[in-house]
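First comes the structure, then the notes that go with it.
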Amino acid sequence: MSVLSSAACVIALGASLGSGSALAQTEPTFSSAFRSAIGLMLTHEYEEARPIAEQALTLASDPAEHYRARHILTDISARLGDWQATASYSGEAYAIIMDDPALQGALVLNAAHMAAEEARAATMLNNLDRAADANARMIALHPQAGEGWRAIAPDGAVHDGGLSCPLLSEGLLRFDLLGADDALPGCVYWNLDDVGLRVLDGDGFEAELTRLQAASETTRELEPPETLQALGEQVRLFDLGAPTPVSEPRHALVLSLHNAQRTLTLEFPATTTHAALAAVSERFADLP
C-alpha cells in the first residue's frame with residue numbers, strides 16, 4: 001500500500017502487471033505466480049491470493065525471490081488478520097535482506113518496512129519484547145529518518161525536536177520516519193484500508209502541495225467540502241487519480257494546524273468517509 005507503505009509498494013509493482021487474476025496455462029513459474037498474487041491483491045481478493053503467493057514461495061530460487069514472496073505474504077496475512085503468519089513472514093523477509101549484502105544495499109527501506117510489520121504483528125500477539133526489538137530495528141535502519149530519532153520500548157519513536165510517533169494509532173501503522181537531508185521531522189502511517197498519513201513537525205504545507213502536484217501530471221485540485229475545510233487552518237484537496245486500472249481513485253488532503261506548527265497530509269481512497277478522515281486528523285493533530 002506511492003512508496004510510503006508495503007501496500008503502496010504492491011500497488012506500484014502491480015501497475016505494470018495488469019489484473020493477473022489467473023495463472024498462465026503453462027507450468028507456473030515464480031514470476032507467473034507472483035504476478036497472479038499481486039493481481040488478486042489489487043482487487044482485494046486476499047483469500048484467493050494467499051495460496052498463489054504460497055506457491056510463488058515454493059518456486060522462489062534466489063534470495064530476491066524469497067524476499068518478494070514473503071513480502072506479499074506479509075501483506076496478505078495482515079489483511080486477513082493472521083498475525084502469527086504476518087510475524088513469521090515479515091521476520092523472515094527482514095532476515096533475508098539483512099543477510100545478503102546486495103539486497104541490503106538496495107532494499108534497506110524495505111527491511112525497515114518489514115520490521116514495522118513484525119512490530120505490529122508482535123503487538124497484536126501481545127509479544128511486547130519482540131515488538132520492542134522490531135520497533136528499534138525499524139527506527140535504527142530507516143534511511144529517511146536522519147539523526148535525532150530514538151526508540152522508546154515497546155513501540156514508541158521520539159525525535160529530539162519533540163515529535164512522538166507511536167507504532168500504532170487509529171488503526172494506522174508507522175511505516176516511515178522523516179528528517180534526513182534537512183527535511184522536517186515527521187512520520188508516515190498506513191492502515192489496512194490503504195489510508196496513508198504524513199505527519200510533519202513544522203510548516204510543511206507548501207512543500208506538501210508541491211510534492212503532490214509534482215507526483216503526477218494528472219493530479220488536479222478539488223474544492224474541499226465544508227466538513228473537510230473545518231479540519232485545518234489551511235486546507236487543500238487533490239484528486240490523485242487511480243494508481244492502476246483496477247484501483248479506486250485516490251484523493252489527498254493537506255492540512256496546516258496550530259499556526260503552521262503541524263502539517264498533516266492524508267492520502268486515501270476517494271470513497272473514504274469524511275468522519276474517518278476527521279478521526280485520523282484529530283488524533284494526529286495533537287501528537288506531542
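The structure displayed is predicted, hence computed values, not measured ones.
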Could you tell me whether a side-chain N or O of [X] sits under 3.5 Å from a main-chain N or O of [Y], the two making a donor and an acceptor?
X    : Y    : answer
Q144 : L178 : no
S256 : Q234 : no
E65  : S61  : yes
S36  : S32  : yes
T265 : V199 : no
Q261 : G202 : no
R174 : D155 : yes
E117 : T74  : no
H258 : A285 : yes
D62  : A64  : yes

How far apart are the closest heavy atoms of [X] and [Y], and which atoms are they?
X    : Y    : value
T219 : L212 : OG1-O, 3.5 Å
A242 : S247 : CB-O, 3.4 Å
E233 : L257 : OE1-C, 3.6 Å
G186 : W149 : O-CZ2, 3.3 Å
M114 : Y67  : CG-CE1, 4.3 Å

Next on the checklist: Test salt bridge (Lys or Arg N to Asp or Glu O under 4.0 Å) on R262 and E208; report intermediate values, then the result.
Outcome noted: CA-CA 12 Å; R262 176 64 50 81; E208 285 296 281; over 6 Å; no

Checklist entry - Does R137 count as lying over the ring of Y94, i.e. NZ or CZ under 6.0 Å from the six-ring centre, within 45 degrees of the axis? => result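 Ring-cation test returns yes.
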
Checklist entry - So is R68 actually on top of F34's ring, under 6.0 Å and inside 45° of the axis? => result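 Verdict for F34: a cation-pi partner in R68.
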
Next on the checklist: I'd like to know if the side chain of T29 pairs up with that of S31 as donor and acceptor (distance under 3.5 Å, no hydrogens or angles considered).
Outcome noted: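 Not at all, the side chains of T29 and S31 share no donor-acceptor pair under 3.5 Å.
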
Checklist entry - Is there a donor-acceptor contact under 3.5 Å linking the side chains of T271 and E248? => result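 A donor-acceptor contact under 3.5 Å links the two side chains.
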
For the [atom1] atom of [X] and the [atom2] atom of [Y], what is their distance to the nearest 0.5 Å?
X    : Y    : atom1 : atom2 : result
I52  : E48  : CD1   : CD    : 8.5 Å
L222 : L237 : CG    : CG    : 4.5 Å
T272 : L266 : OG1   : CG    : 9.5 Å
T263 : R198 : OG1   : CZ    : 10.5 Å
L141 : N110 : CG    : CG    : 11.0 Å
H159 : C187 : NE2   : SG    : 10.5 Å

Checklist entry - Less than 4.0 Å between a side-chain N and a carboxylate O, is that true for D239 and R250? => result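 No, no charged N to carboxylate O under 4.0 Å.
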
Item to check | Salt-bridge present (R283, E170; N to O < 4.0 Å) | outcome: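 Result for this pair is no, no salt bridge flagged.
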
Next on the checklist: If the test is side chain to side chain contact (heavy atoms under 4.5 Å, CB included), which one of L231, V235, L228 qualifies with S281?
Outcome noted: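 Passing option: L231.
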
Item to check | Given H251, H274, Q229, the one that forms side chain to side chain contact (heavy atoms under 4.5 Å, CB included) with P224 | outcome: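 The passing option is Q229.
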
Next on the checklist: Quick check: is M124 connected to L192 through a chain of hydrophobic side chains (ILVMFWY, heavy atoms under 4.5 Å apart)?
Outcome noted: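 Yes, L192 connects to M124 through the hydrophobic network.
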
